[in-house]
*Asks:* 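Can you read through this structure? Questions will come right after.
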Amino acid sequence: MEKNNETLHILRHSASHIMAQAVQSLFPHAKLAIGPATDSGFYYDFDLDEHTFTQEDLVKIEEKMKEILKQNLSFEKVLVEDVDAKVAEFKSQGEIYKAELLEEHRNDAPTLYLTKDKDGNVLFNDLCAGPHVPNTSYIKGNAIKLLKIAGAYWRGNEKNKMLQRIYATAFWNKEDLENYLHLLEEAEKRDHRKLGTQLDLFSVREEIGGGLVLWHPNLATVREEIENYWRTEHRKRGYVIVNTPQIAKSKLWEISGHIDHYRENMFFIQKENEDDEQYIVKPMNCPFHILIYQSNRHSYRSLPLRMAELGTVYRKEKSGALSGLTRVQGFTQDDAHIFCTPEQLVDEINGVIDFVADTMKIFNMEFEVELSTRPESYVGKLENWELAEAGLKEAMDKRGMQYDINEGDGAFYGPKIDFKVKDALGRTWQCATIQLDFNLPERFDIKYQDKDGQLKTPVMLHRVIFGSMERFHGILIEHFAGAFPTWLAPTQVSVVPISNEKHADFAEKVYKKLRENGIRTYLDDRSESMNYRIRENLQDKKVPYVLVVGDKEQEANSVAIRQRGVGQIGTKSVDEFLDMILEEIKTRKC
RNA sequence: GCCGGCAUAGCUCAACGGUAGAGCAACGGUUUUGUAAACCGUAGGUUGUAGGUUCGAUUCCUAUUGCCGGCUCCA
């Protein structure tokens with residue numbers, strides 16, 4: 001068997017059997033659920049009534065695994081010939097999860113994998129489709145690692161029992177494992193929550209509530225630049241920009257259907273008196289945009305209408321779901337709704353895909369694309385769905401875009417394209433999305449007058465580029481490991497006079513000149529050593545440039561430039577440096 | 001919401017039944033520096049919150065809030 005990346009998941013799956021065997025030998029009452037390989041390792045779910053796994057258990061289990069591996073066991077596949085008998089056997093052993101799985105797969109020629117020793121004794125068996133490595137010599141004791149314990153519902157359904165999951169990983173050799181563990185460490189250092197504190201970017205306070213973010217000046221600066229980019233690009237691409245309220249009467253959300261379909265995610269405003277009107281904090285911007293559309297008559301000539309807003313919405317989340325900037329309860333969507341005729345749809349979708357691709361390119365970000373199609377229960381006409389799905393596919397195919405299709409995974413009101421960006425820890429987050437909506441135009445009964453004079457219902461498209469400003473900034477922080485490119489950096493230049501006494505005036509002059517030209521500059525004339533100030537600005541604050549000025553610079557009206565992550569890059573006149581950095585900012589160099 | 005873990009100074013962590021300690025940051029002073037951490041000093045905490053056990057609780061127990069790892073959900 002070849003040892004390559006394609007077969008790595010086979011190794012991991014086999015390792016999960018060894019882990020299950022180790023757990024059952026240490027905890028004989030452990031019932032087995034499922035134990036698949038994942039992208040980065042494997043896990044196994046167990047049901048132990050009387051015991052919860054501890055960190056120490058993980059060490060013991062790992063040791064046990066190594067012991068088992070030393071026995072040089074082989075994996076052997078056997079067909080389950082008498083399913084009923086085997087189900088009964090599983091049940092008698094208390095293996096209720098395996099019994100359930102086997103019954104379900106009774107017509108799929110179910111197989112068992114036996115783990116055997118040299119003499120042919122079966123030490124462990126597991127219901128499993130395979131495949132596996134031939135024997136345990138492929139699994140190296142020093143290339144496996146148990147990572148963490150987590151709760152997981154049986155079959156991922158919260159109505160089912162909570163099982164205990166052990167996450168682990170395995171590689172072909174020790175070096176690969178060590179590289180991976182190192183990668184995890186590096187990823188942890190990039191964690192936007194860690195950098196958020198370190199670089200004074202944002203905070204979330206218990207007094208305010210979970211998932212409600214305070215943007216500190218540093219991150220607010222980054223956001224300002226992002227928003228400037230966003231507005232300029234929208235104007236260029238023919239959008240109009242609007243603003244809408246934070247709250248609305250419940251009546252609006254009845255018409256939109258949110259009260260029926262989105263209730264558990266909405267914040268209701270407490271009424272003082274029984275007779276007071278019920279107001280609700282907006283979880284989405286679309287109803288407002290539709291009302292703006294409705295405030296005028298529209299004809300086919302005035303479409304498409306592209307309406308954008310940086311709209312702040314609030315969505316109630318389950319308490320365990322919040323995390324940093326990526327999962328919050330209050331967030332600003334860079335939202336837009338495009339109202340168009342069916343004929344315009346493909347062009348409009350194309351325009352949005354262009355927008356997303358161009359934007360991600362600016363940040364050097366990789367993304368994956370998924371198309372979700374019509375679910376079983378849906379609203380709208382079948383022909384419209386087919387037109388829309390074909391339009392989405394056509395638009396992506398034309399540009400040779402790779403995408404996965406999630407059949408039947410669209411919303412009840414329309415198909416969608418999701419763009420997913422990976423964070424430092426390899427988790428993917430949805431940022432941009434394009435979503436067709438056959439529901440709201442009907443509910444609000446919006447129309448346009450077509451060439452033939454008839455009033456027709458326009459096609460409506462929801463779309464975001466960044467998704468939410470909060471999440472996107474979280475991803476940005478990790479993407480750049482906190483070292484923002486110059487155009488985004490909260491502080492772009494620090495000026496460090498060698499002697500605060502001798503060079504104070506000149507340093508001040510350089511500082512003012514840069515500031516007057518719109519460069520975010522900090523004059524670091526603290527009574528600290530020059531080395532300390534250089535180090536702190538470049539390494540701790542991650543300022544892109546430090547300008548050191550002393551006698552020589554003062555005399556020549558120049559600055560000695562040190563670039564973050566690079567080192568000294570020479571001396572330039574103040575004007576030359578200014579031109580250089582202005583160009584770098586203008587081109588948004590990453 | 002569920003399972004498990006955690007909560008000590010602005011930050012990172014220590015002490016774990018007997019009057020809470022360090023480094024960094026802050027503040028004061030000395031130093032005025034030629035390219036990624038100068039020196040000395042000062043101050044800073046009802047140990048997340050509320051109960052309980054105890055002669056005594058940061059330490060043990062209960063509840064609660066928040067955070068972390070997941071499940072579920074999702075921008």
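Labels below follow one simple rule: chain letters A, B, ... track the order of the sequence lines, proteins then strands, and each chain is numbered from 1. Quick caveat, the model's predicted, so the values are computed rather than measured.
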*Asks:* Looking only at side-chain atoms of Asn531(A), point me to the closest of G1(B), U33(B), A37(B).
*Replies:* A37(B)

*Asks:* Given the rule that a pair is Watson-Crick or G-U wobble with both distances under 3.5 Å, how would you write RNA chain B in dot-bracket, using | for pairs to a different strand?
*Replies:* (((((((..((((....[..)))).(((((.......))))).....(((((..]....))))))))))))....

*Asks:* Determine the interplanar angle of the Tyr229(A) and Phe466(A) rings, folded into 0 to 90°, and report it as parallel if under 30°, tilted if 30 to 60°, perpendicular if over 60°.
*Replies:* tilted

*Asks:* So does Tyr153(A) reach the base of G1(B) with its side chain, donor to acceptor, closer than 3.5 Å?
*Replies:* yes

*Asks:* Assign Arg562(A) to base, sugar-phosphate, or nothing according to its heavy-atom contacts below 4.0 angstrom with the strands shown.
*Replies:* base

*Asks:* So, is the end of the Lys420(A) side chain (NZ or CZ) under 6.0 Å from the ring centre of Phe367(A) and within 45° of the ring's axis?
*Replies:* no

*Asks:* Ignoring hydrogens and angles, answer whether the base of A36(B) and the side-chain atoms of Gln568(A) contain a donor-acceptor pair closer than 3.5 Å.
*Replies:* no

*Asks:* Tell me whether the side-chain N/O atoms of Ser319(A) come closer than 4.0 Å to OP1 or OP2 in G1(B).
*Replies:* yes

*Asks:* Taking only N and O in the side chain of Lys148(A), is any of them less than 4.0 Å away from OP1 or OP2 of G4(B)?
*Replies:* no

*Asks:* Under a 4.0 Å N-O cut-off, is there an ion pair linking Lys189(A) with Glu186(A)?
*Replies:* yes

*Asks:* Check whether any side-chain N or O of Arg193(A) sits under 4.0 Å from OP1 or OP2 of C68(B), and answer yes or no.
*Replies:* yes

*Asks:* Check the phosphate of C71(B) against Tyr167(A), side-chain N and O only, distance under 4.0 Å to OP1 or OP2. Yes or no?
*Replies:* yes

*Asks:* Is the centre of the Phe42(A) ring less than 6.0 Å from the centre of the Tyr44(A) ring?
*Replies:* no

*Asks:* Starting at OH of Tyr532(A) and ending at C1' of A38(B), how long is that distance when rounded to a whole Å?
*Replies:* 11 Å

*Asks:* Does the pair Arg327(A)/Glu470(A) count as a salt bridge with the N-to-O cut at 4.0 Å?
*Replies:* no

*Asks:* Is there a side-chain polar atom (N or O) of Lys502(A) under 4.0 Å from OP1 or OP2 of U33(B)?
*Replies:* yes

*Asks:* Can you figure out which of G4(B), C74(B), C11(B) approaches the side chain of Thr52(A) most closely?
*Replies:* G4(B)

*Asks:* Taking the minimum atom-to-atom distance to the side chain of Arg327(A), which one of C74(B), A38(B), C2(B) wins?
*Replies:* C74(B)

*Asks:* Round to a whole Å and report the spacing from CH2 of Trp154(A) to C1' of G70(B).
*Replies:* 18 Å

*Asks:* Given 3.5 Å as the limit, does a donor-acceptor pair link the side chain of His192(A) with the main chain of Leu325(A), or not?
*Replies:* yes

*Asks:* Taking atom types as they are modelled, is there a donor-acceptor pair under 3.5 Å from the base of G1(B) to the side chain of Glu264(A)?
*Replies:* no

*Asks:* Can you give me the closest heavy-atom contact between Met19(A) and Ala168(A), atom names plus distance?
*Replies:* SD-CB, 4.1 Å

*Asks:* Look at all strands and tell whether Gly151(A) reaches a base, only sugar-phosphate, or nothing, counting heavy atoms closer than 4.0 Å.
*Replies:* base

*Asks:* Say you pick atom C1' in U31(B) and the same atom in A38(B); how far apart are they, in whole Å?
*Replies:* 7 Å

*Asks:* So, is Arg535(A) near the phosphate of U35(B), with a side-chain N or O under 4.0 Å from OP1 or OP2?
*Replies:* no

*Asks:* I need the NZ-P distance between Lys316(A) and G1(B), as an integer number of Å.
*Replies:* 10 Å

*Asks:* Has Ser499(A) got a side-chain N or O lying under 4.0 Å from the OP1 or OP2 atom of U32(B)?
*Replies:* no

*Asks:* Quick one: side chains of residues 405-413 of chain A, donor-acceptor pairs under 3.5 Å with protein atoms, not counting sequence neighbours, listed by atom name and distance.
*Replies:*
unit_1, atom_1, unit_2, atom_2, d
Asn406(A), ND2, Glu370(A), OE1, 3.1
Glu407(A), OE2, Thr373(A), OG1, 3.0

*Asks:* Specify the separation, in whole Å, of atom CG of Asp47(A) and atom P of C71(B).
*Replies:* 18 Å

